[in-house]
Number of protein chains: 2
Amino acid sequence: MQRKNAHALKKEEASPGLHGRLWIDGTEGTFLGYGRIILLERIREHGSITQAAKSMKMAYRHAWELVDSMNRQSSKPLVEAATGGRNGGGARLTKEGARAILLFWELYADFQAYLQRQQKKTRLLLR
Amino acid sequence: MQRKNAHALKKEEASPGLHGRLWIDGTEGTFLGYGRIILLERIREHGSITQAAKSMKMAYRHAWELVDSMNRQSSKPLVEAATGGRNGGGARLTKEGARAILLFWELYADFQAYLQRQQKKTRLLLR
DNA sequence: TTTCGTTATTCCCTCCAGTATATTACGCTA
DNA sequence: TAGCGTAATATACTGGAGGGAATAACGAAA
């Protein structure tokens, strides 16, 4: 962002027209946003914070902080992590985590449609 | 903002619940956003980029870059600036600039109402 | 008890958006 | 012509978000 603070995303390529971003704040700031949801999906897919972070080219440290932040702000943890053991441990999505993903994508899709509807109002201004 | 990224805003205090941001991209990236609209309003109010920037505690250099970026991407300039003269020059909003402010606040208000409507969907998740 | 890959945690570094500062260009007024 | 407050432009600085790397803790399995 635009390394944004609150909502960094790669580039989003800036096509002319209306754009927007959606996120959910909790008691400590950001709770769920686009990037965090992707991270949750990758954790579900790989069963490990390390692998999830690698798959997004994100530093493990950053990924862990995001997971910790989400767990602290959620009514119930979204991710459960275990250290040691068979393969060194791992992380799995809780039922609550899966619900969060579904809810966010629902909001997200609705929002994209909303932006599409509003789009036309901006056309007269741009070069 | 959000270093971010393209849409830094002061803090927005992160109250729990659904939040969002809206902006309009042009050919070179951001064209209009919340901060740029505030800047346009301050220019209209003060008749000078220097004073507008000061009133927002923004560096003149940054303010000037934003104005330049908006003018370059708009079909017609939003701000006209004059150097030298009576009081050293100044800057005034064009008709197009005033239209941009109105349009944006219209989109913004509608968007806030939209967020309000979607708000309830997030309640079950937060602690 | 050794091995292994993960989570958890610490410390340092890098990058860059925005700031700070300085200088020049400008043109009306007196 | 000198003075003024602004626009315009260049250069250097800064703070903080995120990255990189290193280390300890962990616990099942061989």
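Reminder, nothing fancy here: chain letters follow the sequence lines and each chain counts from 1.
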Q) If you look only at pairs with a residue in residues 79-106 of chain B, which of them pass as a ring pair (Phe, Tyr, Trp, His ring centres under 6.0 Å), with sequence neighbours excluded? A) B:Y34-B:W105, B:W105-B:Y108
Q | Results of salt bridge (charged side-chain N to carboxylate O under 4.0 Å, His left out) for B:R92 - residues two or more places apart only | A | B:E80
(Q) Distance check needed: C:dT7 C1' versus A:Q51 CD, whole Å only. (A) 13 Å
Q: Would you mind telling me which of C:dT6, D:dA7, C:dT19 lies closest to the side-chain atoms of A:T50?
A: C:dT6
Q) Which whole-number value in Å describes the distance from B:H46 NE2 to D:dA7 P? A) 12 Å
Q. By a strict heavy-atom criterion of less than 4.0 Å, which residues belonging to residues 61-72 of chain A are in contact with DNA chain C?
A. A:R61, A:W64
**Q.** Polar side-chain atom of A:K120 near backbone of A:R117 as donor-acceptor pair, under 3.5 Å
**A.** yes
Q. Expressed in angstrom and rounded to an integer, what is the separation of B:K54 atom NZ from C:dA20 atom P?
A. 12 Å
Q) Rounded to whole angstrom units, what separation is found between the OH atom of B:Y60 and the P atom of D:dT11? A) 17 Å
Q: Find the distance A:L39:CG to D:dG18:P and express it as a whole number of Å.
A: 13 Å
(Q) Looking at B:E96 and B:P77, would you say the former's side chain and the latter's main chain have a donor-acceptor pair under 3.5 Å? (A) no
Q. Looking at residues at least two apart in the chain, or sitting in another chain, which of them share a side-chain contact (heavy atoms from CB on, under 4.5 Å) with B:A63?
A. B:L39, B:I49, B:A53, B:M58
Q: Taking side-chain contact (heavy atoms from CB on, under 4.5 Å) as the test, write out the residues that go with B:H46, two or more places apart.
A: B:R42, B:Q51, B:S55
Q: Kindly say whether A:L125 contributes a backbone atom to a donor-acceptor pair with the side chain of B:S75 at under 3.5 angstrom?
A: yes
Q. So what does A:S48 hit on the nucleic acid, given a heavy-atom distance under 4.0 Å: a base, only sugar-phosphate, or nothing?
A. sugar-phosphate
Q: Please check if the side chain of A:R36 supplies one atom and the backbone of A:S69 the other of a donor-acceptor pair under 3.5 Å.
A: no
Q. What does nucleotides 23-30 of chain D look like as a protein-contact string, B for base, S for sugar-phosphate only, - for none, at under 4.0 angstrom between heavy atoms?
A. ---BBSS-
